[in-house]
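Numbers for residues simply follow the sequence, beginning at 1.
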Amino acid sequence: QVQLVESGGGLVQAGGSLRLSCAASGLSFMLYNMGWFRQAPGKEREFVARISWGGGSTSYADSVKGRFTISRDNAKNTVYLQMNSLKADDMGIYYCAAAPRGTTLAGPTSVTYWGQGTQVTVSS
């Protein structure tokens with residue numbers, strides 16, 4: 001059974017930082033591209049960042065470029081999202097996502113496996 005378990009969410013002041021982690025089990029981690037999506041109340045789930053199976057390629061939504069960094073540790077079956085200079089617009093539930101190597105993580109329909117989500121709240 002595939003499990004993606006996120007952690008690291010919480011409450012942070014605007015301008016602060018958080019580091020999200022996603023531990024994967026039940027799948028061959030290096031066979032999957034990994035990514036992060038988020039969903040704010042009343043809004044659709046949106047792409048945030050993705051990283052290729054080997055870690056050599058990353059991509060970000062325009063809204064987070066220069067502030068967020070995605071990385072992965074294939075030895076630990078874990079993907080991370082370092083979030084700096086957080087804004088109120090960054091608030092929402094952050095979901096870890098996985099798709100097979102041949103699939104580009106873009107919109108929600110490209111995702112094969114989802115985590116349960118972790119809440120990020122930014123106070124002003």
Side-chain angles (χ1 to χ4, degrees):
Q1 180 182 357
V2 174
Q3 283 193 308
L4 302 178
V5 181
E6 301 98 332
S7 61
L11 173 65
V12 64
Q13 286 191 328
S17 298
L18 282 175
R19 188 193 195 204
L20 305 183
S21 299
C22 169
S25 61
L27 77 170
S28 297
F29 191 64
M30 281 197 67
L31 295 182
Y32 286 84
N33 298 320
M34 300 297 296
W36 292 91
F37 288 72
R38 69 186 180 189
Q39 188 167 18
K43 294 189 176 181
E44 295 185 350
R45 195 170 298 189
E46 64 176 2
F47 167 78
V48 175
R50 64 174 177 256
I51 186 165
S52 60
W53 59 273
S57 176
T58 59
S59 183
Y60 299 90
D62 287 343
S63 58
V64 307
K65 277 181 185 175
R67 300 187 298 120
F68 291 11
T69 303
I70 189 170
S71 61
R72 65 189 291 164
D73 185 338
N74 286 341
K76 295 182 178 179
N77 287 6
T78 302
V79 61
Y80 305 97
L81 186 68
Q82 177 67 42
M83 305 186 294
N84 299 329
S85 303
L86 282 160
K87 309 174 183 178
D89 286 347
D90 296 318
M91 277 198 296
I93 300 174
Y94 281 69
Y95 297 90
C96 181
R101 278 187 185 179
T103 302
T104 299
L105 276 167
T109 57
S110 65
V111 177
T112 300
Y113 299 112
W114 290 103
Q116 83 287 351
T118 186
Q119 177 72 47
V120 171
T121 303
V122 182
S123 65
S124 56

Asker: So, taking the atom named CG in Leu105 and the one named CD1 in Ile51, what distance separates them when rounded to the nearest 0.5 Å?
Answerer: 11.0 Å
Asker: Measuring from Ser59:OG to Lys65:NZ, what's the distance to the nearest 0.5 Å?
Answerer: 6.5 Å
Asker: State which residues pass salt bridge (Lys or Arg N to Asp or Glu O under 4.0 Å) with Arg38; sequence neighbours excluded, sorted by chain then number.
Answerer: Glu46, Asp90
Asker: Calculate, to the nearest 0.5 Å, the distance between atoms CZ and CE belonging to Arg50 and Met34 respectively.
Answerer: 14.0 Å
Asker: Rounded to the nearest 0.5 Å, what's the gap from OG1 on Thr58 to CG on Asn33? Could you check?
Answerer: 12.0 Å
Asker: Working to the nearest 0.5 angstrom, can you tell me the gap between Phe29 CZ and Trp53 CH2?
Answerer: 12.5 Å
Asker: Please list every donor-acceptor pair under 3.5 Å in which a side-chain atom of residues 112-124 meets a protein atom from a residue at least two apart or in another chain.
Answerer:
from: Gln116; atom 1: NE2; to: Glu6; atom 2: OE1; distance (Å): 3.3
from: Thr118; atom 1: OG1; to: Gly9; atom 2: N; distance (Å): 3.3
from: Gln119; atom 1: NE2; to: Gly92; atom 2: O; distance (Å): 3.4

Asker: So, for Ala99 and Ser110, which heavy atoms are closest and what is the spacing to 0.1 Å?
Answerer: CB-O, 3.5 Å
Asker: First locate atom CE of Met83, then atom OG1 of Thr69, and finally report the distance between them rounded to the nearest 0.5 Å.
Answerer: 11.0 Å
Asker: Please tell me whether Phe68 and Phe37 are part of a single hydrophobic cluster in this structure, the criterion being side-chain heavy atoms less than 4.5 Å apart.
Answerer: no
Asker: Quick one, Arg72 and Ile70 - any side-chain contact, counting heavy atoms below 4.5 Å?
Answerer: no
Asker: Provide the closest heavy-atom pair for Cys22 versus Leu4 in the form atom of the first, atom of the second, distance.
Answerer: SG-CB, 3.8 Å
